J.: 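The structure that follows is given in the form of structure tokens.
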Amino acid sequence: MPHQKRRKDVRNVAIIAHVDHGKTTLVDALLNYTGAYVFKKGEATIMDSNPLEKERGITIVSKNASLEFKGVQLNIVDTPGHADFGSEVERILKMVDGVLLLVDAFEGPMPQTKFVLKKSLELHLKPILIINKIDRPNARAHEVADMTFDLFCELNATDEQLDFAIVYASGKDGYAVLDLDEPRDSMKPLLETILHRVLPPVADPELPFQMLVTMLDYDSYVGRIAIGRVFHGAIRVGQPVALVKRDGAIIRSKVTKILKYRGLTRVEVTEAVAGDIISLSGVAEVEVGETLACSEAPQPLPTLKIDEPTISMNFSHNTSPLAGKEGGRFLTSRHIRERLAHEAMINVGIKVEEVDGGERFKVSGRGELHLSILIETMRREGYELEVSRPKVILKNVDGVLLEPVEELVIEVDAESQGAVMQALGARKAELRVLRTTAAGASRMEFVIASRALIGFRSDFLRMTRGNGIMYQNFLEYQTYKGELPSRQSGVLVCQEDGRAVSYALFNLQARGDLFIKPGDTVYEGMIIGVNNKGTDLVVNPMKTKKLTNIRAAGADEAIQLTPPRLMTLESALEFIDDDELVEITPQNIRLRKLYRTEISRKRLDREQKAGASGEETDTE
């Protein structure tokens, strides 16, 4: 094999971890130490620039940062930690030559740790293990390092991969050490470990140009922006380039702009060479996973393999009587079609299909959180829409029905353990591991069908009084598990249009939790609360007290109403049934029946009972 040329002045590395193990905070500490970004007083997690990321405290979209250390440019990519954004991680790993595997010094390896580590080992990347948050009171750094080594062995790591470096760090306090007894003063030990352990990129500027597109961005002025790593050759502004599509088709274009990262910002340059991570505009038809190559003799790079979606939902325009009355600017199916098409272009984990002649859109993604982030983003942009209950995507392989199955890890106190195990047992979960953690909590690991987890998180929070920890990660497709228990409670459905009054709500609150308060606008078919009896009940929340000319013996007591249950987007999606929708506007989130009138619902019920012996649909 001929000797491969490598660029000594560049290192490309991704930082991967389970959600909330401190990736973004650690990258911020590296930026601060090298002077790539000077933090203002009280400022934190500058890498989480998206408003939703700041609110939820999680990374949703991968981001690039560039810093310099000892004359070497370090390109660091911050990746999401939640399993629903796994497609982001898979693409990023194609751009880099090494990974920083971050593990919490108390929690140890978690489900997403296993997922991201497996992906990096399959690509023959050599990780550097960072035991983060060693400043925590109950930190057990050495024990966590041993647990992570066992995980490497479980994933069949090679002898070379098992010889990984270990760095102990605290991203919050801004230090890293190679030994716990060393002075804790800066991030220098981690940066030096990256220089010594991460291989310089293979880069031969004399070869024909090749670049793999791993991400897309969009600018209203220049159009699509292809983001990726230059594997071979060099590229200049104004140079002709060939796009090699997945099917082998070749489209010729011209590069109009090249951008490189300096710190957190992109700066315009005239040329990029092999080993650089760049953004490039001028190729309108480019898609994720395709190759940009030299115009004379274009050769494709291996395409990216992205895991398929497991959850789908139907999106449609808002058809309620309140449509357009709450600040929405994009109200039609055409607006929603254009927005979803744009999302599918830049978000490779999303798949969009038209149904019902283009009036509705089936949107598939990697999980409930993946799709709910899209919905929340659209809501803040001024879209009004209705979405259906999430459904798992089933497969039929050789006549066998398969469904997605997930690994579920739960940590609860001893008091809640029995209730949680009973609830998961009813959902046909299979217990794999049960042990007690260092803090005295019970840690349980299950294998459970994805559809069994829809609606479980809210129940879990109630069972554990908000003190439980729950993580899930897609495992594989397994044989269909059969029928599962559905929602036990019914709902209170509004009878007509108007405004809710206190007197009516006072009489209804004995039935179950209410979702509305006095003065709220309601309409026929809107769900205003829970009926604990288990059946749907049509009610009138506008009913007022009958007035007579006879005075009561005592003064009327002031009406005491229980505060309504406020539904977040995630809790609403978990709560609704198959015949219900979530109405989303910039100002409110409401629940409603698919068919608004009581007559149409009864007619549908009769038709379903008459056709109960019909064939089962292909999706759950």
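Predicted model only: the values in this text are computed from it and were never measured. The figures that follow rest on heavy atoms only: side chains count, while hydrogens, waters and symmetry mates do not.
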J.: Could you tell me whether the side chain of Ile375 reaches within less than 4.5 Å of the side chain of Ile373, counting heavy atoms only?
T.: no
J.: Counting C-beta onward and ignoring hydrogens, is there a side-chain heavy-atom pair between Thr158 and His124 closer than 4.5 Å?
T.: no
J.: Which distance, rounded to the nearest 0.5 Å, do you find between the CG of Leu581 and the CZ of Phe315?
T.: 12.0 Å
J.: For Leu394 versus Pro404, what's the shortest heavy-atom pair and its separation?
T.: CD2-CD, 4.5 Å
J.: A side-chain contact here means heavy atoms from C-beta on lying under 4.5 Å apart; do Ser120 and Ile16 qualify?
T.: yes
J.: Of all heavy-atom pairs between Glu570 and Ser372, which one has the smallest distance, and what is that distance?
T.: OE2-OG, 3.2 Å
J.: Just by modelled atom types, is the Leu292 backbone N or O under 3.5 Å from a matching donor or acceptor in the Gln210 side chain?
T.: no
J.: Can you establish whether the number of heavy atoms outside Glu160 located under 6.0 Å from its atom CD is more than 12?
T.: no
J.: Report the C-alpha distance between Met313 and Val363 in whole Å, list the side-chain angles of each, state the deciding distance to 0.1 Å, and finish with yes or no for side-chain contact (heavy atoms from CB on, under 4.5 Å).
T.: CA-CA 5 Å; Met313 295 166 58; Val363 183; 5.5 Å; no
J.: Side chains of Ser333 and His317: is there a donor and an acceptor less than 3.5 Å apart?
T.: yes
J.: On a heavy-atom basis, which atom in Pro127 and which in Leu117 lie closest, and how many Å separate them?
T.: CG-CD1, 4.1 Å
J.: Which heavy atom of Pro586 sits nearest to which heavy atom of Arg379, and what is that distance?
T.: O-NH1, 3.1 Å
J.: Among all residues two or more places apart in sequence or in another chain, which pass the salt bridge (Lys or Arg N to Asp or Glu O under 4.0 Å) test with Lys126?
T.: none
J.: Run the salt-bridge test on Lys260 and Asp276 with the 4.0 Å N-O cut-off and return the result as yes or no.
T.: yes
J.: Could you check if a side-chain atom of Asn132 sits within less than 4.5 angstrom of a side-chain atom of Val103, using non-hydrogen atoms only?
T.: no
J.: Apply salt bridge (Lys or Arg N to Asp or Glu O under 4.0 Å) to Arg339 and list each qualifying residue two or more places apart in sequence or on a separate chain.
T.: Glu343, Glu381
J.: Tell me, yes or no, whether the heavy-atom count around Asp247 atom CG, taken from other residues, nucleotides or ligands under 6.0 Å, exceeds 12.
T.: yes
J.: What pairs meet the salt bridge (charged side-chain N to carboxylate O under 4.0 Å, His left out) rule with one or both residues in residues 289-299, with sequence neighbours excluded?
T.: Lys245-Glu290
J.: Can you list the residues that meet the side-chain hydrogen bond (donor to acceptor under 3.5 Å, both in side chains) rule with Glu354, with sequence neighbours excluded?
T.: Arg337
J.: So, Arg229 side chain and Ile277 main chain: donor-acceptor pair closer than 3.5 Å or not?
T.: no
J.: Quick one: ring pair (Phe, Tyr, Trp, His ring centres under 6.0 Å) partners of Phe69, sequence neighbours excluded?
T.: none
J.: side-chain hydrogen bond (donor to acceptor under 3.5 Å, both in side chains) with Asn75: which residues, sequence neighbours excluded?
T.: Asn12, Ser66, Gln73
J.: Tell me, do Asn396 and Leu402 make a side-chain contact under 4.5 Å, heavy atoms counted?
T.: no
J.: Apply the test side-chain contact (heavy atoms from CB on, under 4.5 Å) to residues Glu353 and Lys351: give CA-CA distance (whole Å), side-chain angles for both, the deciding distance (0.1 Å), then the verdict.
T.: CA-CA 7 Å; Glu353 306 168 68; Lys351 182 181 177 184; 4.0 Å; yes
J.: Determine yes or no for a side-chain-to-main-chain donor-acceptor pair under 3.5 angstrom, with Asp97 supplying the side chain and Arg11 the backbone.
T.: no
J.: Pick one: which of Asn314, Leu573, Leu374 meets side-chain contact (heavy atoms from CB on, under 4.5 Å) with Val387?
T.: Leu573
J.: Can you name the side-chain hydrogen bond (donor to acceptor under 3.5 Å, both in side chains) partners of Arg236, sequence neighbours left out?
T.: Glu271
J.: Mind jotting down which residue pairs meet the ring pair (Phe, Tyr, Trp, His ring centres under 6.0 Å) criterion with at least one end in residues 337-363? Sequence neighbours excluded, please.
T.: Tyr218-His342
J.: Would you give the length of the straight line joining atom OG1 of Thr319 to atom CD of Glu359, rounded to the nearest 0.5 angstrom?
T.: 10.0 Å
J.: Show the nearest heavy-atom pair for residues Ser312 and Ser364, with the distance to one decimal.
T.: CB-OG, 3.5 Å
J.: Within this structure, what is the CE-CD1 distance for the pair Met95 and Ile278, rounded to the nearest 0.5 Å?
T.: 11.0 Å
J.: Evaluate the side-chain contact (heavy atoms from CB on, under 4.5 Å) criterion for residues Leu195 and Val198: first the C-alpha distance (whole Å), next the side-chain angles of each, then the deciding distance (0.1 Å), finally the verdict.
T.: CA-CA 6 Å; Leu195 289 189; Val198 177; over 6 Å; no
J.: Under the salt bridge (Lys or Arg N to Asp or Glu O under 4.0 Å) rule, collect the residues that match up with Glu583, sequence neighbours excluded.
T.: Arg590
J.: Could you give the distance from OG1 (Thr270) to CD (Gln239), rounded to the nearest 0.5 Å?
T.: 11.5 Å
J.: Between the side chain of Thr291 and the main-chain N/O of Met211, is any donor-acceptor distance below 3.5 Å?
T.: no
J.: Mind checking whether Val99 and Ile15 have side chains closer than 4.5 Å, heavy atoms only?
T.: no
J.: Taking Lys70 first and then Asp9, would you say they form a salt bridge - that is, a charged N and a carboxylate O separated by under 4.0 Å?
T.: no
J.: Can you sort out the partners of Arg252 under salt bridge (Lys or Arg N to Asp or Glu O under 4.0 Å), two or more places apart, ordered by chain and number?
T.: none
J.: Measuring from Ile393:CD1 to Tyr477:OH, what's the distance to the nearest 0.5 Å?
T.: 5.5 Å
J.: Does Leu26 reach the side chain of Ile130, with side-chain heavy atoms less than 4.5 Å apart?
T.: yes
J.: With sequence neighbours excluded, tell me which residues meet side-chain hydrogen bond (donor to acceptor under 3.5 Å, both in side chains) with Ser253.
T.: none
J.: Quick one: does Asp163's side chain get under 4.5 Å of Arg197's, heavy atoms only?
T.: yes
J.: Taking atom types as modelled and ignoring hydrogens, do the side chains of Glu403 and Ser450 form a donor-acceptor contact shorter than 3.5 angstrom?
T.: no
J.: Kindly give the heavy-atom pair with the smallest separation between Val10 and Gly275, and that separation in Å.
T.: CG1-O, 3.8 Å
J.: Give, for atom CG of Leu162 and atom CZ of Phe152, the distance between the pair rounded to the nearest 0.5 Å.
T.: 7.5 Å
J.: Quick one: do Val392 and Ile311 satisfy side-chain contact (heavy atoms from CB on, under 4.5 Å)? Show the steps, please.
T.: CA-CA 4 Å; Val392 301; Ile311 295 282; 3.8 Å; yes
J.: Pairs in or reaching into residues 372-397: which pass ring pair (Phe, Tyr, Trp, His ring centres under 6.0 Å), with residues at least two apart or in two chains?
T.: Phe330-Tyr383
